[in-house]
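Please see the structure below; I have some questions.
Since this is a predicted model, take the numbers as computed values, not measurements.
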Amino acid sequence: MKVKLLVRNPDDYLRETKRDIHKLPRNYDPALHPLETPREYTRAMNAVKLERVFALPFIGSLDGHRDGLTCLGKHPDHLSWLYSGACDGELKLWDVAKRKIVYTVQAHDGFIRAMAFSQETSSLYTVGDDKLIKQWKAQELDGSDLKAPINTIVTRGMLTGISHHRSKPVMATCGEACNLWEHSRAQPIKTFQWGVDSLQSIKFNQVEENIIAACGSDRSIILYDMRESVPVRKVVLKMRSNALCWNPMEAFIFTVANEDYNLYTFDMRNFANPINVHKDHVSAVIDIDYSPTGKEFVSASYDKTIRLYNSRQAHSRDIYHTSRMQRLTCAAWSLDDRFVYSGSDEMNIRIWKARAAEKLGVVKPREKTALRVNAKLVEKFAHHPAIKRIHRHRHVPSHVYNSRNELRNSRIAARRKEFNVRTHTKRQLPIIPEKAKVIVSEQ
């Protein structure tokens with residue numbers, strides 16, 4: 001015996017207050033909505049057009065340095081704090097929310113090459129051309145603890161990079177060799193060497209905390225394990241890598257910024273081939289930084305643009321540029337995943353939205369729901385030609401546009417030449433018996 005019940009729940013049709021909107025019952029049966037797909041397509045088209053209309057990524061600039069920028073640093077406990085180092089050795093602490101300088105100090109003689117933060121001691125470590133490692137306290141809200149370093153270590157050679165272990169009081173520096181340091185010692189506790197003149201960039205893995213990666217001047221990428229006494233693995237690329245960054249969410253993945261205009265994502269378990277090659281830049285890529293989610297990263301290039309990439313896609317999803325911005329030297333992704341910082345050699349730090357069309361300020365719940373629905377509709381119809389064209393279209397500077405066309409033509413010409421050489425070689429090959437072919441191949 002079948003029993004059918006009629007259920008009438010007041011929560012489904014009554015408003016909680018008189019200011020709420022009326023709740024309407026809806027039947028989602030597709031047979032009752034034959035025009036659902038055309039309506040969704042129209043909504044997706046309108047959404048992607050509005051996204052390009054409201055795509056205004058540039059927020060503002062932080063002006064105050066007297067020389068070109070070399071590095072940027074983020075404070076893990078203060079989202080609005082940003083540290084910047086310049087070519088004249090000046091270290092500045094910025095309040096990004098107010099766009100003001102909190103404190104300025106002359107940290108080094110010459111370039112500040114890199115900086116790293118230690119959460120354990122709430123300290124900032126900087127290295128420069130004066131062969132010094134300096135430790136700065138970073139707790140006071142007015143930045144007054146940057147007045148003088150609390151510790152200074154004199155090294156034998158010039159240092160070009162520094163990275164701090166996530167949980168232990170250990171840091172790694174690179175220069176003529178890779179050195180491991182403890183906070184309480186003035187001499188390195190371990191030194192790694194693998195026949196490299198110098199190292200440019202070094203980073204600790206944030207998941208597998210004992211693994212270190214570095215970029216060498218001999219076009220190599222070297223992996224170290226701080227528990228071992230010798231380097232672990234090495235791969236040599238066609239051109240030199242300028243910077244390196246680990247994916248904060250995937251233990252084995254890291255990406256390097258290369259001089260050949262590309263970025264290469266590697267899996268450290270298999271160095272034979274990169275798992276992805278990220279293209280689109282038309283000049284050397286100088287710096288890279290991952291978002292806190294590990295799904296995206298930002299790259300800064302010598303072609304005066306910064307690009308945002310999905311970590312699993314070969315081409316950039318967005319390009320940011322201004323008419324006054326010159327060659328990029330550093331880039332960073334904010335720890336709240338909403339903003340991107342870039343530093344260039346014309347002494348400015350620029351603040352950008354991580355998503356160009358995102359609305360800043362208070363967003364009401366209904367508006368959030370509408371934005372999520374529109375994003376899903378654009379994703380659903382992303383491969384339709386009209387929507388795809390609008391979604392991918394970007395205005396780029398003329399020098400980037402011309403360089404891109406020139407690179408494309410050179411690639412086509414090289415491919416055509418290779419094809420012609422292969423065809424000509426096949427025609428010239430003599431006809432020989434099958435057994436003779438095997439002997440030739442063995443030789």
Side-chain angles (χ1 to χ4, degrees), residues 196-197 200-201 215-222 233-244 253-267 270-288 297 299-319 321 327-328 383 385 388-389 391-443:
V196 183
D197 293 337
Q200 278 85 35
S201 175
C215 300
S217 59
D218 63 345
R219 302 173 285 120
S220 64
I221 303 166
I222 308 174
R233 200 171 293 173
K234 178 178 180 179
V235 62
V236 179
L237 303 180
K238 288 186 177 180
M239 296 189 75
R240 194 186 75 171
S241 298
N242 292 314
L244 177 146
I253 308 300
F254 65 91
T255 304
V256 294
N258 202 270
E259 286 277 343
D260 66 356
Y261 314 167
N262 297 331
L263 299 106
Y264 297 92
T265 298
F266 284 94
D267 189 326
N270 180 18
F271 257 18
N273 293 302
I275 59 175
N276 211 337
V277 179
H278 308 278
K279 305 174 182 179
D280 284 346
H281 278 296
V282 295
S283 190
V285 189
I286 304 299
D287 200 12
I288 176 178
F297 61 83
S299 64
S301 172
Y302 224 55
D303 61 9
K304 307 178 186 178
T305 65
I306 64 173
R307 288 184 182 266
L308 306 180
Y309 289 85
N310 186 312
S311 60
R312 299 186 183 276
Q313 293 179 357
H315 294 279
S316 61
R317 70 163 174 84
D318 221 330
I319 175 173
H321 57 90
R327 297 184 176 98
L328 275 299
H383 298 290
K388 184 178 181 180
R389 181 182 61 82
H391 189 57
R392 294 183 57 190
H393 181 73
R394 297 291 184 276
H395 289 288
V396 297
S398 58
H399 70 275
V400 174
Y401 181 80
N402 295 331
S403 300
R404 190 172 58 188
N405 290 338
E406 187 178 338
L407 288 171
R408 185 187 297 119
N409 293 336
S410 65
R411 279 197 301 267
I412 293 171
R415 209 174 296 147
R416 188 187 302 120
K417 182 178 179 181
E418 183 182 356
F419 175 76
N420 291 338
V421 169
R422 283 181 183 175
T423 307
H424 183 69
T425 306
K426 284 181 181 179
R427 289 174 184 170
Q428 297 293 327
L429 280 175
I431 301 173
I432 56 178
E434 197 68 31
K435 290 182 181 178
K437 283 187 179 178
V438 177
I439 293 171
V440 171
S441 65
E442 285 179 358
Q443 289 175 352

Do you know which two heavy atoms are closest between S301 and S283, and how far apart they sit?
OG-O, 3.3 Å
Testing the basics here: between I221 and F271, what is the closest heavy-atom pair and its distance to 0.1 Å?
O-CE2, 4.0 Å
Are L328 and Y302 side-chain neighbours, meaning at least one heavy-atom pair lies under 4.5 Å?
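No, side chains not in contact.
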Starting at OG of S316, measure out to CG of L263 and round the result to the nearest 0.5 Å.
10.0 Å
Students often mix this up, so state it plainly: with edges at 30° and 60°, are the rings of F297 and H278 parallel, tilted or perpendicular?
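Ring orientation, 0 to 90° scale: perpendicular.
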Just wondering, are more than 12 heavy atoms of other shown residues or ligands nearer than 6.0 Å to NE2 in H321?
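Above 12, so yes.
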Rounded to the nearest 0.5 Å, what's the gap from CG on D197 to OG on S217? Could you check?
4.5 Å
If I take atom OG1 from residue T265 and atom CD from residue Q313, how far apart are they, to the nearest 0.5 angstrom?
12.0 Å
Output a table of donor-acceptor pairs, distance under 3.5 Å, between side-chain atoms of residues 413-420 and any protein atom two or more places apart or on a different chain; print 'none' if there are none.
unit_1: E418; atom_1: OE2; unit_2: R422; atom_2: NH2; d: 2.9
unit_1: N420; atom_1: ND2; unit_2: R416; atom_2: O; d: 3.3

Less than 4.5 Å apart, side chain to side chain, heavy atoms only: is that true for Q200 and S241?
no
Measure the shortest side-chain to side-chain distance between L407 and V282 over non-hydrogen atoms and say whether it is less than 4.5 angstrom.
yes
In terms of heavy-atom contacts, does OH of Y401 have more than 12 from other residues, nucleotides or ligands at under 6.0 Å?
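No - once you tally the heavy atoms of other residues, nucleotides and ligands closer than 6.0 Å, there are 12 at most.
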Chi angles and distances behind the salt bridge (charged side-chain N to carboxylate O under 4.0 Å, His left out) call for R392, D318:
CA-CA 8 Å; R392 294 183 57 190; D318 221 330; over 6 Å; no
Which value, rounded to the nearest 0.5 Å, describes the distance between I286 atom CD1 and N258 atom CG?
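Here the interatomic distance stands at 10.5 Å.
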Give, for atom CG of N242 and atom CG of D287, the distance between the pair rounded to the nearest 0.5 Å.
9.0 Å
Would a 4.5 Å heavy-atom cut-off, applied to side chains only, mark D303 and H281 as touching?
yes
Can any side-chain N or O of R394 pair as donor or acceptor with the backbone N or O of H391 at less than 3.5 Å?
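Side chain of R394 to backbone of H391: a pair is present.
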Within a reach of under 6.0 Å around NZ of K279, are more than 12 heavy atoms found that belong to other residues, nucleotides or ligands?
no
Please tell me if the side chains of P397 and K304 come closer than 4.5 Å, counting only heavy atoms from C-beta onward.
no
Flag the pair D267 / I253 as yes when at least one side-chain heavy-atom distance between them is below 4.5 Å, and no otherwise.
yes
Separation of R307 CZ from D280 CG (nearest 0.5 Å)
4.5 Å
I'd like to check V196 versus S220 (side-chain heavy atoms, cut-off strictly below 4.5 Å). Are they in contact?
yes
Student check: side-chain heavy atoms of I288 and L244 closer than 4.5 Å:
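Answer no - side chains too far apart.
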Step by step, work out the side-chain contact (heavy atoms from CB on, under 4.5 Å) result for I222 and K234.
CA-CA 4 Å; I222 308 174; K234 178 178 180 179; 4.1 Å; yes
What is the ring orientation for F266 with Y264, classed by angle as parallel under 30°, tilted 30 to 60°, or perpendicular over 60°?
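Tilted.
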